[in-house]
Amino acid sequence: MPELPEVETIRRSLQEPLEGARLLSVQVRDRRLRRPIAVAALERLNGRQIADIGRRGKYLLLHLVGGGGLLIHLGMSGRVVLVPRDTVLDLHDHVCWQFEGDGARCGVEMRFRDPRRFGLVLSRATGDLGEHPLLASLGPEPFDAAFSVDYLRERAARSRRPVKNMLMDASVVAGLGNIYVCEVLWAAGVNPKTQAGRISPARWARVREATIEVLAGAIDQGGTTLNDFRDPSGEMGYFQVRLQAYGREAQPCLRCGSSIRRISQSGRSTFYCPGCQH
DNA sequence: CGTAGACCCTGCGCGC
DNA sequence: TGCGCGCAGGGTCTAC
């Protein structure tokens, strides 16, 4: 569910309420995530103050004053929600944090909720979270200058894999997932099956621009709300990104009118327009 | 090395 | 109304 725009939306909405807040206590109700939660290590962060909230690809980084912090990945079904303390627990609220502080802060609770448990909650007591080994192999951020046409050409050189698979590879570019890759390739007018190594520089330029535009547009709108994605304040249906290709099988292409086609690539659905994506 | 496929887990919508 | 099936936006590991 959550790709870069959703994680960025969460980051922005956590920043104001949590920046400067001090962790008070934590409860782990189910430690069985992608990696088992290290409960004692999480508890050891009690009393520490949140410096700011960052993001790298689809990872949320809660940096603590003096180093260390929380690294959260939402997997397919994960969410981070802020609720009033003692709000009735959801069945899949796996971790709950309470905060010290004045006024509203001490009455708020942050929860990690994840039905499918593909998500991740890791903690570090010291050091720069950005140096975490899990982040080491991530490619550049799409909005970073390093995500350039030359870079894309270099990574694609001699590669026979479909451009869609290349863009889904987090070591090529961080934060893109299945939905937004489909949207990017539709916007760029590039066929997802095209071998990466056969794409011209001019078309890479279009892919790069489309990536930035599509993601920026989605962040503006606050991320998709397919299914029941909520932002941390609990609002629902507030954000709704208009998808041009993803999920529109058999519907007319919004650019050329051809029927949107759905195929499977590496086990994941791809939606594209056979009429105008070449 | 690069690539494709299986796998992890629960929930939902659909057709019967 | 109930049930079984296929599918779901994540990453990681293995085998070729």
Side-chain angles (χ1 to χ4, degrees), chain A residues 1-10 29-37 55-60 71-80 90-94 112-122 132-139 142 154-186 192-198 211 214-215 218-219 221-231 236 239-250 262-272:
Chain A
M1 171 190 306
E3 301 184 31
L4 188 152
E6 288 78 14
V7 179
E8 177 61 20
T9 299
I10 292 174
R29 303 183 58 248
D30 191 341
R31 38 179 278 133
R32 298 172 302 160
L33 301 183
R34 197 163 96 215
R35 293 185 187 181
I37 294 178
R55 178 190 60 73
R56 178 77 174 93
K58 298 168 189 167
Y59 289 87
L60 206 54
L71 185 148
I72 296 175
H73 194 286
L74 302 176
M76 293 271 260
S77 57
R79 285 155 62 173
V80 173
D90 182 274
L91 176 60
H92 302 292
D93 282 340
H94 304 317
F112 175 79
R113 179 177 301 172
D114 186 8
R116 288 173 76 178
R117 288 189 275 114
F118 286 174
L120 208 54
V121 175
L122 296 174
H132 196 283
L134 275 182
L135 309 179
S137 61
L138 288 180
E154 188 185 319
R155 290 299 302 255
R158 292 172 301 282
S159 172
R160 302 170 64 93
R161 64 174 161 171
V163 58
K164 192 243 189 175
N165 294 34
M166 174 177 153
L167 293 175
M168 285 278 290
D169 183 343
S171 78
V172 171
V173 55
L176 277 185
N178 202 40
I179 288 185
Y180 287 105
V181 166
C182 290
E183 294 299 302
V184 162
L185 291 174
W186 182 87
K193 293 181 287 189
T194 308
Q195 289 184 358
R198 305 176 69 102
T211 302
V214 165
L215 292 178
I219 291 169
Q221 295 173 68
T224 25
T225 55
L226 287 184
N227 297 331
D228 61 350
F229 181 80
R230 295 171 193 232
D231 78 316
M236 185 171 153
F239 302 115
Q240 184 79 59
V241 168
R242 185 178 197 44
L243 298 176
Q244 316 284 314
Y246 188 88
R248 299 195 66 247
E249 182 181 17
R262 169 183 173 164
I263 60 173
S264 182
Q265 290 180 289
S266 294
R268 309 210 107 100
S269 287
T270 302
F271 297 84
Y272 75 105

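Since we're looking at a predicted model, the values are computed, not measured. Letters A, B, ... are given to chains in the order of the sequence lines, protein chains preceding strands, and every chain is numbered from 1.
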Over 60° means perpendicular and under 30° means parallel, so classify the ring planes of A:His73 and A:Tyr59, tilted if in between.
-> perpendicular
Side-chain donor or acceptor of A:Arg268 under 3.5 Å from a matching atom on the base of C:dG10?
-> yes
With heavy atoms under 4.0 Å as the rule, sort A:Gly177 into base, sugar-phosphate or nothing.
-> sugar-phosphate
Would one find a side-chain N or O of A:His92 under 4.0 angstrom from OP1 or OP2 of B:dT10?
-> no
Should C:dT1 form a Watson-Crick or G-U wobble pair with both distances under 3.5 Å, which nucleotide is its partner?
-> none
A:Glu3 side-chain N/O to A:Tyr180 backbone N/O, donor-acceptor pair under 3.5 Å = yes
Check every strand shown and say whether A:Leu134 touches a base, only sugar-phosphate, or nothing at a heavy-atom separation below 4.0 Å.
-> sugar-phosphate
Okay, side chain of A:Lys58, backbone of A:Leu176: is any donor-acceptor separation there less than 3.5 Å?
-> yes
Given B:dA4, is OP1 or OP2 found less than 4.0 Å from the side-chain N or O atoms of A:Asn165?
-> yes
Whole angstrom value for the distance that separates P of C:dG9 from CZ of A:Phe118 | 11 Å
P spacing across the pair B:dC9 / C:dC3, given as an integer number of angstrom | 24 Å
Value in whole Å for how far the P atom of B:dC12 lies from CG of A:Leu91 = 10 Å
With rounding to whole Å, what would you report as the distance between C:dG6 and B:dA6 at their P atoms?
-> 14 Å
Touch check for A:Asp114, heavy atoms < 4.0 angstrom, all strands: base, sugar-phosphate only, or nothing?
-> nothing
Provide, to the nearest angstrom, the distance between the CG atom belonging to A:Leu60 and the P atom belonging to C:dG10.
-> 16 Å
Closest listed nucleotide, where the reference is the side chain of A:Pro115 and the choices are B:dT10, C:dG11, C:dA8 | B:dT10
Verify the contact: side-chain N or O of A:Tyr180 to OP1 or OP2 of C:dG9, cut-off strictly under 4.0 Å; return yes or no.
-> no
Check the distance between C:dG10's P and A:Arg113's CZ and give it to me in whole angstrom.
-> 21 Å
So which nucleotide does B:dG5 pair with, by the Watson-Crick or G-U wobble rule with both distances under 3.5 Å?
-> C:dC13
Among the candidates B:dA4, C:dC7, C:dG11, find the nucleotide nearest to the side-chain atoms of A:Ser269.
-> C:dC7
In Å and rounded to the nearest 0.5 Å, what is the CG to CZ distance from A:Leu138 to A:Arg56?
-> 5.0 Å
Which part of the nucleic acid, if any, lies within contact of A:Arg262, taking any heavy atom under 4.0 Å across all strands shown: a base, the sugar-phosphate backbone alone, or nothing?
-> sugar-phosphate
C:dG9 and B:dT3, which share atom name C1', separated by this distance in whole Å = 22 Å
Separation of atom CZ in A:Arg34 from atom P in C:dC13, rounded to whole Å | 9 Å
Within the side chain of A:Arg35, is there an N or O that forms a donor-acceptor pair under 3.5 Å with the backbone of A:Leu122?
-> no
Donor/acceptor link under 3.5 angstrom from A:Arg116 side chain onto base of C:dA8 | yes
Tell me: CG of A:Asp169 to P of C:dT12, nearest whole Å?
-> 11 Å
Under 4.0 Å between a side-chain N/O of A:Arg161 and OP1 or OP2 of B:dT3, yes or no?
-> yes
Return the value, rounded to whole Å, for the distance between atom CG of A:Leu74 and atom C1' of B:dT10.
-> 16 Å
Are the side chain of A:Arg262 and the backbone of A:Ser269 linked by a donor-acceptor contact shorter than 3.5 Å?
-> no
